[in-house]
Amino acid sequence: MKALLIYGSRWGGTVSIAEKIGQTLKTEGCDVEVFDAKKSPKNVDSYDLVVVGSGMRADKWTKETLIFLEKNSQALKRKKTALFVSCQMADRVEPEVRDRAKKRYLEKTAEQYGLKPIGYGFFGGLLDF
């Protein structure tokens, strides 16, 4: 299986998450290419799986990942897709807070672009003061 992993990061915290996901996919036998959304391929046709993720700030995905989802939404509807985010809400103790954030940041984003992901990832975030 050929996989494409696209990530957006403001301060670098999402980079290590993307790299770890990429390594895990390789361990599972996938041929994986990992790209910063700022330098992502223009075409997703040659990939069997596309994983897209972003660090969150002020309840928003990075601009570049949203542009990628918008430009590729029709092709992604025909692909296996997965989404992930890195955010402070994942570090919260209260399950209802985490669940609300997962729905808002992952499920609603998938719905916005008409995607039916095979999986979601919800990872702790990084604050850079």
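From a predicted model like this one, the values you see are computed outputs, not experimental measurements. We number each residue from 1, following the sequence as shown.
No side-chain heavy atom of Val51 sits under 4.5 Å from any side-chain heavy atom of Val32. Counting heavy atoms from C-beta on, the side chains of Leu69 and Val52 come closer than 4.5 Å. Annotation: side chain of Lys2 is in contact with side chain of Ser46 (closest heavy-atom distance under 4.5 Å). Proximity of Phe122 to Leu83: side-chain heavy atoms (C-beta onward) are nowhere separated by under 4.5 Å. Side-chain contact between Lys80 and Met1: present, with at least one pair of heavy atoms (C-beta onward) separated by less than 4.5 Å. When side chains are defined from C-beta on, Leu66 counts as touching Tyr113, because their heavy atoms get closer than 4.5 Å.
Phe68 and Pro41 get closest at one heavy-atom pair: CE1-O, 4.2 Å. Closest of all the heavy-atom pairs between Gly22 and Leu5 is N-CD1, 3.8 Å. Of all non-hydrogen atoms in Thr62 and Gly8, the two that sit nearest each other are OG1-CA, 3.4 Å. Here the closest heavy-atom approach between residue Ala82 and residue Pro117 is recorded as CA-CB, 4.2 Å. Nearest heavy-atom pair across Lys60 and Arg10 is O-NH2, 3.3 Å. In plain terms, the two heavy atoms of Val44 and Ala75 that are nearest each other are CG2-CB, 3.5 Å.
Residue Asp59 forms a salt bridge (Lys or Arg N to Asp or Glu O under 4.0 Å) with just one option from Arg104, Arg100, Lys108, and that option is Arg104.
Linking ILVMFWY side-chain heavy atoms closer than 4.5 Å, directly or via other members, places Ile67 and Tyr47 in two distinct hydrophobic clusters.
A distance of 13.5 Å separates CD1 of Ile6 from NZ of Lys38, quoted to the nearest 0.5 Å. The CG atom of Leu49 sits 8.5 Å away from the CG atom of Leu4 when rounded to the nearest 0.5 Å. From Ile21, atom CD1 reaches atom OH of Tyr7 across 12.0 Å, with rounding to the nearest 0.5 Å. How far CD of Glu64 is from CZ of Phe35: 15.5 Å, rounded to the nearest 0.5 Å. Here the CG-CZ distance, from Asn72 to Arg78, works out to 10.0 Å after rounding to the nearest 0.5 Å. Of the inter-residue distances, the one linking Thr65 atom OG1 with Met56 atom CE reads 8.5 Å to the nearest 0.5 angstrom.
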*Evaluate side-chain hydrogen bond (donor to acceptor under 3.5 Å, both in side chains) for Thr27 paired with Thr24, printing each intermediate quantity in order.*
CA-CA 5 Å; Thr27 300; Thr24 302; 5.8 Å; no
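Thr109 contributes a side-chain N or O that, together with a main-chain N or O of Tyr105, makes up a donor-acceptor pair within less than 3.5 Å. A side-chain donor-acceptor contact under 3.5 Å links Thr14 to the backbone of Gly55.
Classified by interplanar angle (parallel below 30°, tilted 30° to 60°, perpendicular above 60°), the ring pair Phe84/Phe123 is perpendicular.
Atom NZ of Lys77 sits in a crowded spot, with more than 12 heavy atoms from other residues, nucleotides or ligands closer than 6.0 Å. Annotation for Lys79: atom NZ counts as buried by contact number, over 12 foreign heavy atoms lying within 6.0 Å.
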